[in-house]
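Report on one structure; see the data block that follows.
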Amino acid sequence: MKILTAAQLAEADKVTLEKQDITSEELMERAGTLVFNEIHKRLQGAPIPIKIFCGIGNNGGDGLVVARHLIQHGYEVRTFIVNYSDKRSEDFLSNYEKLKEITNDWPELIKSKNGFPEIHTGDFVIDALFGIGLNRAVEGWPADLINLINTSQAFVLSIDMPSGLAPDQVFKDGAVIKAGYTLSFQSPKLSFYLPDTMEYVGDLQVIDIALDREYLGKVDSNIFLIGKEEAQSLYRSRKINSHKGDYGKVLIIGGSYGKIGSVILASRAAMRSGTGLCTVYIPECGYDALQISIPEVMVLTDQNSKMITKFPSDFDADVFCFGMGAGTNEATANALGEFLETQKKPVVIDADGINILSKNKSLLKKMPENSVITPHPGELKRLIGEWKDDFDKLDKVKALSKKFKLIIVVKGAHTFIVNNEEVYINSSGNPGMATAGSGDVLSGVITSFIGQNYSSLAATILAVYLHGSSGTLVSDQLGYESLLAGDIADNIGRAVQQLFNRNPEPEQKN
Ligand SMILES: NC(=O)C1=CN([C@@H]2O[C@H](COP(=O)(O)OP(=O)(O)OC[C@H]3O[C@@H](n4cnc5c(N)ncnc54)[C@H](O)[C@@H]3O)[C@@H](O)[C@H]2O)[C@@H](O)CC1
Ligand SMILES: Nc1ncnc2c1ncn2[C@@H]1O[C@H](COP(=O)(O)OP(=O)(O)O)[C@@H](O)[C@H]1O
Ligand SMILES: [K+]
């Protein structure tokens, strides 16, 4: 699904008014009515005190439409106009008049802190203060109101955006509503997925307000949300008439004394993701552990017993993966540099491999095109330095991706996959996956799919999605706390089944 910017959404509104030959007030009525329907579906007429806080722009106008419908359906509603300026939008004004026509309980005007109502724990608060039109941080008494709402412990539902949040930028030090639920119009917004701002959104539901389909189809977006449908479309079935040679030969290089488990996890994940032949290259100390834990994997050892000092020079693999548990010893870094000199096939670099790249930036130039790096936030900071905010981080990651033609997987609660200017945001996964080794598993899955001849980008997107949905399958059974990284590896196949609600049909070999 495309994620649109505030400017694109405003353009979509404009085109919709022309094409559907409707007024902006009619569009607001449509949007507000859909919000009302969702609320009504949940409250079912319950006598809960509802407090609606409306700004004076179109987001406030939506709030007034919702207020009118709620009142007409017998709900106990108090409507507040948060009058932070006198520049009321036209559609706000017409809905203000319409509301006054149907009730004697006119909206209450708030012009300063003195006008704040009491907000109680059991209240249902609807936040219609600001939407995508916000152009600066919310400060002063409107910020105090937001803080009052946030500390009230009332349930808060935000219309379109939690007020104070902007879709495509962050305002430093402004107040932001912490919503329990956000009903957003037409497209999710980028800030809903970024680590610094995602917590304001609560549960998210995107409402289709029937903006012009043609515009939405054609609009050029670089940001995509990856869900089940997208993963399904990337997945390629196995062929009936096939053999292990058809499913890739991968070499995973990593580990050091005490960290051989990381390579076990990565290779297990590669095998569980369909790899035909998996070999690992590890320091000698890990030989027994590896052979015993995963007999399906072949093992080569470095001459050094505790760390990698040389890569196998003439090993013929479709894809290489390096870094988990490898340490950042000089000998290991030199070995990577030497290997990259001649390497043409894509490599997947994770963990200490990324730390080595950060310390030896000249190695980045040697990375084969379409290679993948998978930093978690700590590794990313070592690689690109500090960032001002999430948007700045994204710009820096895009620049790095473009400069070295790399696919960069920025791991987190919502993992971002950056390929040049394009950003793919993963929607699967859960906090149970915040556990040692789950990143090693992800590298194994990505490597496996590249080996199976997916493009590096398709392999990475599919792997990140399936890794997350496997994590969810496991935590649904075991709970978040008991999830082990190895469980994510073991359930990748079930995550594939879940894409199709059964085993995907194999294809005939051509
Ligand atoms: N345009 C349309 O056709 C539709 C718009 N809709 C609603 O319209 C919203 C956008 O409305 P608007 O563009 O009127 O903007 P908003 O209602 O989001 O609010 C912005 C208003 O607040 C002012 N403002 C911005 N930052 C401020 C700050 N920090 N402190 C004080 N005032 C500030 C702006 O000057 C403007 O007047 C959407 O989020 C959505 O809720 C919906 O009705 C659906 C259809
Ligand atoms: N809260 C979360 N929600 C969803 N996924 C998560 C969450 N926390 C971690 N993950 C996923 O788990 C993996 C953790 O990777 P990483 O930090 O490298 O772990 P390790 O270094 O222990 O292997 C990433 O793929 C990340 O996206
Ligand atoms: K809002």
Side-chain angles (χ1 to χ4, degrees), residues 6 9-10 12-14 16-17 22-32 34-35 53-63 65 82 84-85 87-92 95 126-140 142-143 156-167 171 174-175 177 179 182-186 189 195 207 209 211 262 265-266 324-325 350-352 354 374-379 409-416 426-443 445 463-464 467-468 471-472 475 480 483 485 488:
L9 282 163
D13 285 345
K14 215 170 103 197
T16 304
L17 300 187
I22 54 171
T23 63
S24 55
E25 195 185 333
E26 284 167 322
L27 183 58
M28 184 177 280
E29 184 66 27
R30 182 194 290 174
L34 288 166
V35 171
F53 294 90
C54 301
I56 42 87
N58 287 338
N59 196 253
D62 295 336
V65 174
V82 183
Y84 48 80
S85 129
K87 283 189 249 150
R88 298 167 169 200
S89 82
E90 265 179 44
D91 296 332
F92 169 92
N95 276 297
I126 298 178
D127 152 37
L129 290 169
F130 302 103
I132 60 172
L134 190 78
N135 50 26
R136 57 190 186 278
V138 181
E139 290 164 344
V156 182
L157 179 141
S158 288
I159 300 181
D160 204 20
M161 303 275 306
S163 296
L165 206 61
F171 300 121
I177 286 281
T182 298
L183 285 169
S184 198
F185 295 136
Q186 205 65 57
K189 282 64 176 173
I207 305 185
I209 59 168
L211 296 183
S262 59
L265 286 167
M324 58 284 298
D350 185 23
D352 281 331
I354 300 170
T374 59
H376 62 48
E379 289 152 359
V409 179
V410 181
K411 291 186 288 197
H414 287 290
T415 291
F416 280 54
N426 184 43
S427 64
S428 65
N430 68 65
M433 300 172 71
T435 182
S438 50
D440 305 331
V441 168
L442 178 65
S443 302
V445 186
V464 169
H467 178 257
T472 300
S475 55
Y480 293 151
L483 183 152
I488 306 176

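No hydrogens, no waters, no symmetry mates; every other heavy atom, side chains included, goes into these values. We count ligands from 1, going down the list as the structure has it; atoms in each ligand are counted the same way. What you see is a predicted model, and the numbers here were worked out from it, not measured in a lab.
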Could any protein non-hydrogen atom be found less than 4.0 Å from atom 36 (C) of ligand 1?
no

Given I132, D127, L134, the one that forms side chain to side chain contact (heavy atoms under 4.5 Å, CB included) with F130
L134

Does K87, backbone or side chain, put an N or O under 3.5 Å from an N or O of ligand 1?
no

S85 side chain reached by I56 side chain, heavy atoms, under 4.5 Å
yes

Write out each pair where an N or O from ligand 2 and one from the protein are under 3.5 Å apart, with the distance.
residue: ligand 2; atom: 3 (N); partner: N430; partner atom: O; Å: 3.2
residue: ligand 2; atom: 12 (O); partner: M433; partner atom: O; Å: 3.3
residue: ligand 2; atom: 12 (O); partner: S438; partner atom: OG; Å: 3.2
residue: ligand 2; atom: 15 (O); partner: G439; partner atom: N; Å: 3.3
residue: ligand 2; atom: 18 (O); partner: K411; partner atom: NZ; Å: 2.6
residue: ligand 2; atom: 19 (O); partner: G439; partner atom: N; Å: 3.3
residue: ligand 2; atom: 22 (O); partner: G437; partner atom: N; Å: 2.7
residue: ligand 2; atom: 23 (O); partner: G437; partner atom: N; Å: 3.3
residue: ligand 2; atom: 23 (O); partner: S438; partner atom: N; Å: 3.4
residue: ligand 2; atom: 23 (O); partner: G439; partner atom: N; Å: 2.7
residue: ligand 2; atom: 23 (O); partner: D440; partner atom: N; Å: 3.2
residue: ligand 2; atom: 27 (O); partner: G412; partner atom: N; Å: 3.4
residue: ligand 2; atom: 27 (O); partner: G412; partner atom: O; Å: 2.9
residue: ligand 2; atom: 27 (O); partner: T415; partner atom: OG1; Å: 2.9

Of all the heavy atoms in G55, does at least one lie under 4.0 Å from an atom in ligand 1?
no

Can you confirm whether M28 sits close enough to D62 that some side-chain heavy atom of one is under 4.5 Å from a side-chain heavy atom of the other?
yes

Assess I177: does it contribute an N, O or S atom lying under 3.4 Å from the K ion (ligand 3)?
no

Within less than 3.4 Å of the K ion (ligand 3), any N, O or S from I159?
yes

Between L27 and ligand 1, which residue portion shows a heavy-atom distance shorter than 4.0 Å: side chain, backbone, both, or neither?
side chain

Quick one: look at F130 and ligand 1, take heavy-atom pairs under 4.0 Å, and tell me if it's side chain, backbone, both or neither.
both

Atoms of ligand 1 less than 4.0 Å from A137 heavy atoms?
29 (N)

Using 3.4 Å as a strict upper limit, say whether an N, O or S atom of D160 approaches the K ion (ligand 3) that closely.
no

Within-cut-off N or O pair, M28 and ligand 1, under 3.5 Å:
no

Quick one: side chain to side chain contact (heavy atoms under 4.5 Å, CB included) partners of N426, sequence neighbours excluded?
T415, S428, V464, Y465

What about A31: any of its N or O atoms under 3.5 Å from an N or O on ligand 1?
no

Taking both backbone and side-chain atoms into account, decide whether S158 has an N/O/S atom under 3.4 Å from the K ion (ligand 3).
no

For D160, the ligand 1 atoms whose distance to one of its heavy atoms is below 4.0 Å:
38 (C), 39 (O), 40 (C), 41 (O)

My understanding is that we take every heavy atom of each candidate and find the minimum distance to atom 4 (C) of ligand 1. Doing that for D13, L183, I159, L34, which one comes out nearest?
D13

The K ion (ligand 3) -> D127, closest N, O or S atom is O

When you compare ligand 1 with I209, is there at least one nitrogen or oxygen pair between them that comes in under 3.5 angstrom?
no

For N135, is the nearest heavy atom under 4.0 Å from an atom of ligand 1?
yes

Within a distance under 4.0 Å of any heavy atom of G57, pick out the atoms of ligand 1 and give their elements.
14 (O), 17 (O)

If you measure from each non-hydrogen atom of F185 to ligand 1, which part falls under 4.0 Å: side chain, backbone, both or neither?
side chain

